[in-house]
Number of protein chains: 2
Amino acid sequence: MMQEMSATVGGVAERLPQLELGNQLCFALYAASRAATRAYGPELAELGLTYPQYLTMLVLWEADAPLAVGDIGARLHLDSGTLTPLLKRLEDLGLATRTRDRADERRVLIALTEPGRELRARAAEVPLRLFQRYGIDIDTAQKLIRDLTALTESIQAST
Amino acid sequence: MMQEMSATVGGVAERLPQLELGNQLCFALYAASRAATRAYGPELAELGLTYPQYLTMLVLWEADAPLAVGDIGARLHLDSGTLTPLLKRLEDLGLATRTRDRADERRVLIALTEPGRELRARAAEVPLRLFQRYGIDIDTAQKLIRDLTALTESIQAST
DNA sequence: TCAAACCATATTGCGCACAATCTAATGATG
DNA sequence: CATCATTAGATTGTGCGCAATATGGTTTGA
């Protein structure tokens, strides 16, 4: 009995819980993220936005000044392969403009149009409505945000 | 002063923190989920799998019996629009088979092939390696899983 | 000053996600 | 048993996400 137990030290047996934990954590993130995005979906559809487009608008609203594609990408952890077509769609919607930076022709500056700025007021209603509808506890949410941010950073750091 | 304060009760002022909280929580989920999926990426690439394909294989490995498309979808919260092409790719990889259920011709049964079953051993190494590389604390992870699962369920419930 | 290294963005290609719609099989109801 | 609603899955179309690569602008340094 004791021999069997010590034979498993460093073996597969006591690593299995951790193994499952890794899969469960990653799946829990995956499922929760998609559920949250789906929850925003119908509300944002009324504004004519998708969830990633809404995140981009949040960045532009907060900056309240033209940003380069790379600046937006740094805040959202997204690259130009994702942002370029998304920003073109925001431009097609008349919410933003894309213009080459005269000072550095490599950069493309994204600026809000007047309709883009005006959308902020309607968008401000959305998150509170969802937060209350789903009865999220504020303390739990704040802790979740801290833990998730720490997790994200520890992953980014080692890559 | 008191008048000003009571004038804001039910107003925008004290709702702003909650408003930001909603956006922060949703973005934290979005960023953490993508970071975790990216972390799995290179490890899974060595097995020839993407992350959603890996999740599907986990479901099949655990069931250890043929499952209908809908059974897999129920476990992963994915619909046939996502699963049908994914399962066809697993079939192309020689890891699974897709056959109409003779008892109910509407259903398509997904079964592991022998190479599909054999891949389980190599896949078992992956999550532990990642869990340790990023130095995730086990208690924090377990709490996160509980909170995320509860959050996901409370969102699903009200929809 | 001119080539080489570097940088910001764009493009391409693939694989999800998901809404909307379609097809075919099944089950329920009169 | 004929019809009609229901169910399972496939298809189509749009929009991410991201790796790999291309393009052109900027900086650096022999």
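Here is how names work: the chains are called A, B, and so on, in the same order as the sequence lines, proteins then strands, and each is numbered from 1. The figures that follow rest on heavy atoms only: side chains count, while hydrogens, waters and symmetry mates do not.
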Practice item. For Arg34(A) and for Val108(A), locate the closest nucleotide of DNA chain C by heavy-atom distance; then report the residue assigned to the nucleotide nearer the 5' terminus. Key: Val108(A)
Review point. Roughly how many Å is it from CD1 in Ile72(A) to P in dT9(C), rounded to a whole number?
Key: 9 Å
**Study point:** Close approaches to DNA chain D from residues 52-62 of chain A, in residue order (heavy atom, under 4.0 Å)
**Key:** Pro52(A), Gln53(A)
Exercise for review: Please round to the nearest 0.5 Å and tell me the distance separating atom CG of Leu67(A) and atom CG of Leu112(A).
Suggested key: 8.5 Å
Exercise for review: Apply side-chain contact (heavy atoms from CB on, under 4.5 Å) to the pair Leu151(B) and Thr140(A), showing each step before the final yes or no.
Suggested key: CA-CA 10 Å; Leu151(B) 179 63; Thr140(A) 309; over 6 Å; no
Review point. Gly81(B) near the nucleic acid: base, sugar-phosphate alone, or nothing, with a heavy-atom cut-off under 4.0 Å?
Key: base
Exercise for review: Name the orientation class of the two ring planes belonging to Phe27(A) and His77(B) (parallel below 30°, tilted from 30 to 60°, perpendicular beyond 60°).
Suggested key: parallel
Point to revise | d(CG, Asp101(B); C1', dT7(D)) in whole Å | key: 13 Å
Exercise for review: Please state whether the phosphate of dG15(D), meaning OP1 or OP2, lies under 4.0 angstrom from any side-chain nitrogen or oxygen of Tyr51(A).
Suggested key: no
Review point. So does Ser80(A) reach the base of dA10(C) with its side chain, donor to acceptor, closer than 3.5 Å?
Key: yes
Review point. Do any side-chain nitrogens or oxygens of Thr82(A) fall under 4.0 Å of OP1 or OP2 in dG15(D)?
Key: no
Check your understanding: Does atom CD of Gln142(A) have more than 12 heavy-atom neighbours from other groups under 6.0 Å away?
Key -> yes
Review point. When the distance from CG of Leu67(B) to C1' of dA8(D) is rounded to whole Å, what number comes out?
Key: 15 Å
Check your understanding: Rounded to the Å, how far apart are Ile110(B) CD1 and dA8(D) P?
Key -> 15 Å
Point to revise | Pair Glu91(B) + Lys88(B), salt bridge at N-O below 4.0 Å | key: no
Point to revise | Residue-phosphate contact under 4.0 Å: Lys88(B) side-chain N/O, dT11(D) OP1/OP2 | key: yes
Review point. Using a cut-off of less than 4.0 Å, is there contact between a side-chain N or O of Thr50(B) and OP1 or OP2 of dC16(C)?
Key: yes
Review point. Rounded to the nearest Å, what distance is computed from the CG atom of residue Leu86(A) to the P atom of nucleotide dC18(D)?
Key: 13 Å
**Study point:** Donor-acceptor pair present, Arg106(B) side chain and dT7(D) base, under 3.5 Å
**Key:** yes
Point to revise | Earlier contact from the 5' end, DNA chain D, for Asp79(A) and Arg102(A) | key: Asp79(A)
Review point. Has Arg89(A) got a side-chain N or O lying under 4.0 Å from the OP1 or OP2 atom of dC16(D)?
Key: yes
Practice item. Please check if atom CD in Glu105(B) has more than 12 non-hydrogen atoms from other residues, nucleotides or ligands closer than 6.0 Å. Key: yes
Review point. Between Trp61(A) and Tyr54(A), how do the two ring planes meet: parallel, tilted or perpendicular, split at 30° and 60°?
Key: perpendicular
Review point. So, is Arg100(B) close to the dG9(D) phosphate, meaning a side-chain N or O under 4.0 Å from OP1 or OP2?
Key: no
Exercise for review: On DNA chain D, check which nucleotide each of Asp71(B) and Pro85(A) is closest to and give me the residue with the more 5' one.
Suggested key: Asp71(B)
Review point. Looking for any heavy atom pair under 4.0 Å, which part of the strands does Asp104(A) touch: base, sugar-phosphate only, or nothing?
Key: sugar-phosphate
Exercise for review: Would you kindly give the CG-to-P distance between Leu87(B) and dT11(D), to the nearest whole Å?
Suggested key: 13 Å
Practice item. May I ask whether Leu109(A) and Ile72(A) are part of the same hydrophobic cluster, defined by side-chain heavy atoms of I, L, V, M, F, W, Y residues being less than 4.5 angstrom apart, directly or through others? Key: no
Review point. For dA10(C), does either OP1 or OP2 sit under 4.0 Å from a side-chain N or O belonging to Thr84(A)?
Key: yes
Study note, to complete from the structure: Rounding to the nearest 10°, end axes of the helix from dT1(C)-dA30(D) to dG30(C)-dC1(D) built from five pairs each make an angle of 0°
**Study point:** Distance in angstrom units between His77(A) NE2 and dG17(D) P, rounded
**Key:** 13 Å
Check your understanding: Between Arg38(A) and dA17(C), is there a side-chain N or O to OP1/OP2 distance below 4.0 Å?
Key -> no
Exercise for review: Take the protein atom OH of Tyr40(A) and the nucleotide atom C1' of dC16(D), then report the distance between them rounded to whole Å.
Suggested key: 18 Å
